[in-house]
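Sequence positions, counted from 1, serve as the residue numbers for this chain. Here the structure is a predicted model, which is why all the values come from computation and not from measurement.
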Amino acid sequence: MTRYRLAADIGGTFTDVVLFDKQTGQYNTEKVPTTPENLSEGVLNGIYRMVQDFNQVDFFVHGTTVGLNAFLERKGVGMALIVTSGFKDLYEIGRANRSEIYNIQYRQPTPLIKRRHIFEVEERVLVDGQIETPLNEGSLQQVIDEIAEKNYDSVSVCLLHSYKNPEHEKLIKKKIKEQLPEISVSLSHEVVREWREYERTSTTVINAYIAPIVEHYLSKFESEIDNKGLDRDLYIMQSNGGVMTSEIARSKPIQTLLSGPVGGTMGGLTLGQKTANENLICVDMGGTSFDVSMVINGDPDVTSEADIEKFPILSPMVNMHTIGAGGGSIAWIEGGGLRVGPHSAGATPGPACYGNGGTEATVTDANLILGRIDADGFLGGKIKLDWNAAYEAIQKLAIELDLSVTEVAEGICDIANAKMADAIRTLTVSKGIDPRDFSLVAFGGAGPMHAMLIADHLDINKILIPTVAGTFSAWGMLQTDIRHDDVRSYISYLENSDFGKMHALFGEMEREAEVIIQQQNIEKENIQFTRLADLRYVGQEYTVTVPLIDGQINDSSIRQLTELFHTTHQRIYGHNNPEGAVEVVNLRIVSLGKLENEESAQSTNKPLGTPKPIRRKRIVWNNQEIETPVYSTNDLNFGHTISGPTIIESSTSTIVVPQHYLVNVDTMGNLEVNRRNENE
């Protein structure tokens with residue numbers, strides 16, 4: 001009999017594993033060092049600490065950054081690109097716009113593929129899908145011969161207007177697979193079926209760049225867990241906030257780019273629903289990076305177009321901003337000033353205090369010197385920290401800066417906090433959103449350590465610390481459903497739309513999505529569809545995505561859709577034009593296959609008395625040492641209240657609560673932290 005639901009999330013420094021026991025209604029968590037040389041080894045190490053019999057696992061979802069790391073580090077595979085004759089330079093030309101117009105050092109990204117690896121085939125499909133020039137199989141054969149000769153690992157195919165008529169792309173894949181069955185082939189109409197040739201090509205190229213790496217990792221990992229007795233599907237977290245089986249993930253690896261961080265966003269969504277908080281800023285601070293995402297009006301902030309490393313990606317993704325600021329971020333000196341990040345000590349050797357040979361000062365070392373984390377109690381005592389090594393690493397900087405060690409340690413944390421507050425402003429203030437209208441959800445191994453200090457920068461008054469904060473992204477993966485997104489280009493004045501054609505396009509996407517979701521063991525009655533449209537004012541370049549009212553297509557629903565577009569445009573951009581003509585550009589669907597999500601046990605009885613600190617220690621606050629109580633989450637229950645300054649330790653994270661903050665424990669063991677006026 002199966003009893004467990006399992007999730008694993010690989011981070012740059014630690015790998016998190018969360019286990020839900022359906023018999024007890026309890027979550028168990030483990031945080032183990034990431035094993036960069038063999039990422040699956042770290043996952044299995046974490047699982048073995050909680051589960052020995054894989055036959056008892058009913059559901060297993062995995063968040064992996066294999067594809068993202070390969071992309072960011074430019075360690076993808078050798079690949080070729082096939083385009084329509086006459087369009088060989090389309091990818092390299094890209095767009096002429098500059099996203100940072102005031103940055104005199106701005107440079108366009110170096111293309112992932114050089115021009116000599118781009119091949120042309122004779123064919124032409126017109127904008128309406130009509131074939132003007134049939135595919136010349138002679139020119140295609142020449143290209144296939146060159147691909148075979150140069151021994152590429154992957155091929156991307158992006159033909160003109162194939163989003164409208166993909167027949168030529170399908171034929172190219174068929175011919176390549178007949179002659180080169182081992183090579184990975186990415187077709188643009190399968191990766192993203194909408195217009196904008198450069199963006200569609202960029203998305204397909206990235207998919208091809210990481211495809212063999214993701215395919216190899218997932219196949220190897222599946223083989224290992226199959227050998228351990230897991231006879232059920234492995235699910236993979238998607239960038240859009242849903243999950244998919246590993247079989248689907250191997251065909252769409254680009255959907256795994258934000259696989260790990262997005263789990264935290266979905267966890268924040270669930271936490272918000274349970275605590276009646278609709279507007280959340282979710283911050284995930286681990287050992288390497290600081291990831292910011294949002295939940296707005298009870299929905300995750302999902303964008304249909306993203307930029308990663310300046311490359312456009314046409315694929316639904318949770319809108320996420322990431323900077324190199326984590327517990328392992330290295331402090332250094334430049335021009336006589338202290339800097340922090342973006343370089344990280346990573347999992348190997350890690351911060352100096354880990355005792356693995358690291359000698360450079362990091363944010364974690366600074367927190368140890370300030371007393372905010374405990375050398376013996378770190379991660380529930382699983383890892384003993386070397387205080388002397390941390391002191392020596394920071395002392396080298398202190399001597400050069402002519403400051404005390406504690407002053408430099410506080411400076412390191414202050415700089416990191418300011419950088420993280422700026423990252424939040426990028427998703428909020430820069431887009432006209434006031435962060436003071438949101439609650440801050442802090443998680444990751446280091447997130448709760450800095451959350452209140454970041455909130456001070458932004459005047460945010462409420463902070464939520466999940467009960468499993470240190471492994472929250474993995475926990476969030478267990479709260480998701482299977483998701484499939486699809487899109488079709490349809491361009492028309494909205495008021496002149498052909499309702500029959502729109503309905504046919506939606507129906508086509510829903511039928512295709514139903515097949516894909518049913519392949520993932522979801523019954524038809526558990527599938528939900530949401531219809532959306534990309535709209536813009538006539539003359540504009542970019543669009544706003546709005547949902548169709550009840551999914552209906554008629555005169556009344558189109559009028560409501562137009563009004564909703566005007567309202568949404570006003571909310572996003574601060575202005576609208578209710579008299580302006582509105583144009584539809586794309587039709588979209590979001591398909592959800594509902595999975596069984598288990599409820600954890602909640603406490604309903606308030607405890608008698610107040611919690612007792614497990615120790616008291618001297619901690620540096622604003623360059624002053626103050627004797628501070630330290631509590632354990634094991635001793636905190638529903639109804640307990642604690643005033644700052646204090647430290648709260650859990651087995652996976654440490655919560656730093658400055659003065660003027662009040663901590664309350666809710667029925668699920670989450671901590672709600674509220675900022676008070678200084679005179680309270």
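- Contact check for R615 versus E649: side-chain heavy atoms found under the 4.5 Å cut-off.
- Residues P349 and Y354 approach most closely at O-CB, 4.3 Å, considering heavy atoms.
- Within the 3.5 Å criterion, the main-chain N or O of P629 finds a donor-acceptor partner in the side chain of T646.
- Of the candidates V363, T654, I655, M449 forms a side-chain contact (heavy atoms from CB on, under 4.5 Å) with just one, namely T654.
- Between M285 atom CE and N417 atom CG the span is 7.5 Å, to the nearest 0.5 Å.
- Under the 4.5 Å side-chain criterion, counting only non-hydrogen atoms from C-beta, T322 is not in contact with F290.
- What you find for L427 and H321 is that their closest heavy atoms are CG-CB, 3.9 Å.
- Side-chain N/O atoms of K75 and Y209 include no donor and acceptor closer than 3.5 Å.
- Between L39 and Y217, some side-chain heavy-atom pair lies under the 4.5 Å cut-off.
- A donor-acceptor contact closer than 3.5 angstrom links the side chains of T265 and S293.
- Side chains of N670 and K274: no donor on one and acceptor on the other come within 3.5 Å.
- In this structure, CG on N637 lies 11.5 Å from CG on D666, to the nearest 0.5 angstrom.
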Q.
Applying side chain to side chain donor-acceptor pair (under 3.5 Å) to S223 and D226, what does each step give before you reach the verdict?
A. CA-CA 5 Å; S223 177; D226 284 347; over 6 Å; no

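- Side-chain atoms of N240 come within 3.5 Å of backbone N or O of G242 as a donor-acceptor pair.
- Two rings, from F221 and H62, have their centers less than 6.0 Å apart.
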Residue pair K31, S651: steps toward the side chain to side chain contact (heavy atoms under 4.5 Å, CB included) verdict: CA-CA 9 Å; K31 186 179 280 285; S651 61; over 6 Å; no

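- Between the side chains of N319 and T303, no donor-acceptor pair is found at a separation under 3.5 Å.
- Between the side chain of S329 and the backbone N or O of G326 there is at least one donor-acceptor pair closer than 3.5 Å.
- The aromatic rings of F20 and Y27 sit tilted, their planes meeting at an angle between 30° and 60°.
- Formation of a donor-acceptor pair under 3.5 Å by the T35 side chain with backbone atoms of N38 is found in this model.
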task: In sequence, state the C-alpha distance, the side-chain angles, and the governing distance for D58 and R232, and then conclude on salt bridge (Lys or Arg N to Asp or Glu O under 4.0 Å).
output: CA-CA 7 Å; D58 179 55; R232 296 176 180 268; 3.4 Å; yes

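- Here the closest heavy-atom approach between residue A421 and residue L458 is recorded as O-CD2, 3.9 Å.
- Put simply, CG on N674 and CD1 on I463 are 7.5 Å apart, with the number rounded to the nearest 0.5 Å.
- With hydrogens and angles ignored, the 3.5 Å screen pairs a side-chain donor or acceptor of T64 with a backbone N or O of V66.
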| message | side chain to side chain contact (heavy atoms under 4.5 Å, CB included), that's the test. Do I424 and L440 meet it? Break it down for me. | response | CA-CA 10 Å; I424 293 173; L440 188 69; 4.1 Å; yes

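- Applying the 6.0 Å contact sphere to CD of E360 captures no more than 12 heavy atoms from other residues, nucleotides or ligands.
- Separation of atoms CD1 (I369) and SG (C353) is listed at 8.5 Å; rounding is to 0.5 Å.
- A423 and V292 get closest at one heavy-atom pair: CB-CG2, 4.1 Å.
- Judged by distance alone, the side chains of D635 and S632 never bring a donor and an acceptor atom under 3.5 Å apart.
- Side chains of S40 and E224: a donor on one and an acceptor on the other come within 3.5 Å.
- Looking only at distances, a side-chain donor or acceptor of N277 sits under 3.5 Å from a matching main-chain atom of T275.
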**Message:** side chain to side chain contact (heavy atoms under 4.5 Å, CB included) for L453 and C413? Distances and angles first, verdict last.
**Reply:** CA-CA 9 Å; L453 301 167; C413 291; 5.8 Å; no

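- Side-chain contact between L662 and T641: present, with at least one pair of heavy atoms (C-beta onward) separated by less than 4.5 Å.
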Practice prompt. Please step through side chain to side chain donor-acceptor pair (under 3.5 Å) for the pair S315 and Q255, ending with a clear verdict.
Written response: CA-CA 7 Å; S315 182; Q255 266 296 341; 2.8 Å; yes

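- Checked by atom type and distance alone, the side chain of N279 pairs as donor or acceptor with a backbone atom of N297 at under 3.5 Å.
- Although no hydrogens or angles enter the test, the distance criterion places a donor-acceptor pair under 3.5 Å between the side chain of K617 and the main chain of G371.
- Proximity of Y631 to I642: side-chain heavy atoms (C-beta onward) are separated by under 4.5 Å at one or more points.
- Across all their heavy atoms, G63 and S259 have their closest contact at CA-OG, 3.2 Å.
- With hydrogens and angles left out, the side-chain atoms of T15 and T34 include a donor and acceptor closer than 3.5 Å.
- Because its NZ or CZ atom is both nearer than 6.0 Å to the ring centre of F59 and within 45° of the ring axis, R5 counts as a cation-pi partner of that residue.
- Ion pairing between a basic and an acidic side chain is recognised when a charged N comes within 4.0 Å of a carboxylate O; E30 and R49 show such pairing.
- The backbone N or O of V51 sits nowhere less than 3.5 Å from a side-chain atom of Y4 that would complete a donor-acceptor pair.
- Looking only at side-chain heavy atoms (C-beta outward), I522 and K594 stay at 4.5 Å or farther from each other.
- What you find for I281 and P435 is that their closest heavy atoms are CD1-CB, 3.9 Å.
- Side chains of V17 and D9 form no contact here, defined as non-hydrogen atoms less than 4.5 Å apart.
- With hydrogens and angles ignored, the 3.5 Å screen pairs a side-chain donor or acceptor of K419 with a backbone N or O of V340.
- Considering OG of S653 and CD1 of I648, their distance stands at 10.0 Å, rounded to 0.5 Å.
- Between the side chains of N28 and D21, no donor-acceptor pair of N or O atoms lies under 3.5 Å.
- At a threshold of 4.5 Å between non-hydrogen side-chain atoms, the residues I254 and V191 count as touching.
- E309 CD: more than 12 foreign heavy atoms inside a 6.0 Å radius.
- Using modelled atom types and a 3.5 Å distance limit, the side chains of S186 and N207 yield a donor-acceptor pair.
- A side-chain N or O of D284 and one of S473 form a donor-acceptor pair less than 3.5 Å apart.
- Expressed to the nearest 0.5 Å, how far NZ of K220 lies from CD1 of I225 amounts to 12.0 Å.
- Salt bridge status for R483 with D485: present, with a side-chain N to carboxylate O gap under 4.0 Å.
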Discussion item. Could you go through V18 and L478, starting from their C-alpha distance and side-chain angles, then the distance that decides it, and tell me whether this counts as side chain to side chain contact (heavy atoms under 4.5 Å, CB included)?
Written reply: CA-CA 9 Å; V18 172; L478 292 176; 4.0 Å; yes

